[in-house]
Amino acid sequence: MFAKIFIERPVMAWVISIVILLFGLAALFNLPIAQYPEIAPPTVSVSANYPGASAKVVADTVAAPIEQQVNGVENMLYMSSTCTNDGVYNLTVTFDLGTDLNMAQVLVQNRVSLATPQLPDEVQRQGLNIKKKSPNILLVVNLYSPVDKNHPEYERDQLYMSNYATIQIKDEIARLTGVGDLTIFGQQDYSMRAWLNPNQLKTFGMTASEVVNAIQEQNKQVATGQLGEEPALPGQAFNLTLSTLGRLETVQQFENIVVKTGSDGRQQGTDATQS
């Protein structure tokens, strides 16, 4: 019956077809389109760093307080965590399909904030990272330094390449649309390492924590103020900002750190190496 109407009235059939086509074009540019359905459950990751701690210490002092608070968060399916011997802790919280990741991140962050006062001071100073991301790796990029036999001095080592990726590449990739997080495998950063001699520590009656406190006190950025700042004396013509040595950079500067002063005024320093 309907076919007979369109056969006998071709103009009306054309008009209806054009109207349907226009509605389809309008929907094409306005309706959201997904190439693949969402099949992987959304996840939120929590990471922390406890320098110098073993995996057992991280599990007892960092993992336990956080997981006790995060457990049972709204729409959570399960969670899994890892603790490594380099003091790194990673927790992955998996939620139901269709859960709003923004809201899930806020809920996890609220739970983690309840556990923060129970964490070691060093972990709190390092900070905790809470991010919404997929545990699956989308892309792996390999960065290398080409070997030039004519100019071997141009070849860069792994430490240089790792810092180059951190400074020049990481932020650029992280700003791309759809990128949730970026991880540098085997990341190496320029750092200063202070070696402690147990025999000398025993001789001077010191502990490793005392040396750490001395380094922290003498290796920090401070605000030194200004000269001639208002309210100033009459006739004050200049206003100068004071600048002092902030964070130490060279091995010689770290070697000049005073870790202890004896009763006779003798000072003990440190031995440092750059890596």
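W14 and I16 fall into different hydrophobic clusters, defined by Ile, Leu, Val, Met, Phe, Trp and Tyr side-chain heavy atoms under 4.5 Å apart, directly or through other members. In this structure, Y144 is not a member of the same hydrophobic cluster as I169, with clusters built from ILVMFWY side-chain heavy atoms closer than 4.5 Å. Side-chain heavy atoms closer than 4.5 Å link hydrophobic residues (I, L, V, M, F, W, Y) into clusters, and following such links, possibly through other members, connects L196 to I215. Two different hydrophobic clusters hold V212 and V258 under the rule that ILVMFWY side chains link at heavy-atom gaps under 4.5 Å.
F204 contributes atom CZ, which lies 11.5 Å from atom CG of N199 (distance to the nearest 0.5 angstrom). Considering CE of M206 and CG of N213, their distance stands at 9.5 Å, rounded to 0.5 Å. To the nearest 0.5 Å, atom CD1 of residue I20 and atom CG of residue L25 are 12.0 Å apart. Note: Q68 CD to L114 CG = 12.0 Å, rounded to the nearest 0.5 Å. The distance from the OG1 atom of T43 to the NZ atom of K131 is 12.5 Å, given to the nearest 0.5 Å.
When all heavy atoms of R111 and G72 are compared, the closest pair comes out as NH2-O, 3.6 Å. Residues A59 and A63 share a closest heavy-atom pair of O-CB, 3.5 Å. Among all heavy-atom pairs drawn from L201 and A208, the shortest one is CD1-N, 4.5 Å. Residues T99 and D96 come closest through the heavy atom pair OG1-O, 2.8 Å. Shortest non-hydrogen contact noted between R193 and W195 is CD-CZ2, 3.5 Å.
No side-chain donor-acceptor contact under 3.5 Å links N90 to the backbone of T82. Side-chain atoms of S162 do not come within 3.5 Å of backbone N or O of Q158 as any donor-acceptor pair. With N110 contributing its side chain and V106 its backbone, the two residues share a donor-acceptor pair below 3.5 Å. Not a single donor-acceptor pair under 3.5 Å links the side chain of R156 to the backbone N or O of S145. Listed for the D157 side chain is a donor-acceptor partner under 3.5 Å among the backbone atoms of Y160. Side chain of N219 to main chain of L248: a donor-acceptor pair is present (N/O by atom type, distance under 3.5 Å, no hydrogens or angles).
M103 belongs to a hydrophobic cluster whose remaining members, ordered by chain and number, are V44, V46, Y50, V57, V58, V62, I66, V70, V73, M76, M79, Y89, L91, V93, F95, L101, L107, V108, V112, L119, V123, L128, I130; membership requires side-chain heavy atoms of ILVMFWY residues under 4.5 Å apart, directly or through intermediates. Side-chain heavy-atom separations under 4.5 angstrom define the hydrophobic clusters, and the remaining members of the one that includes L22 are I18.
Taking 4.0 Å as the cut-off between side-chain N and carboxylate O, R175 and D171 do not count as a salt-bridged pair.
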Worksheet item: Given the rule in the side-chain contact (heavy atoms from CB on, under 4.5 Å) test, do V251 and F254 qualify, once you have shown the distances and angles that lead to the verdict?
Response: CA-CA 5 Å; V251 175; F254 276 89; 5.8 Å; no
Practice prompt. Check the pair K56 / D60 against salt bridge (Lys or Arg N to Asp or Glu O under 4.0 Å), numbers first and verdict last.
Written response: CA-CA 6 Å; K56 186 178 186 306; D60 294 339; 3.0 Å; yes
Practice prompt. Apply side chain to side chain donor-acceptor pair (under 3.5 Å) to E122 and Q126, showing your working.
Written response: CA-CA 6 Å; E122 185 63 28; Q126 295 282 335; 3.2 Å; yes
Item to complete: Report the C-alpha separation of Q216 and R125 in whole Å, then their side-chain angles, then the decisive distance to 0.1 Å, and conclude whether the side-chain contact (heavy atoms from CB on, under 4.5 Å) test is met.
Response: CA-CA 12 Å; Q216 291 177 347; R125 283 195 295 267; 4.2 Å; yes
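Under 3.5 Å, the side chains of Q124 and T116 contain no donor-acceptor pair of N or O atoms.
The environment of E210 atom CD is dense: over 12 non-hydrogen atoms of other residues, nucleotides or ligands sit within 6.0 angstrom.
Residues passing the side chain to side chain donor-acceptor pair (under 3.5 Å) test with S209 are T207, sequence neighbours excluded.
Between E67 and S81, the closest side-chain pair of non-hydrogen atoms falls below 4.5 Å.
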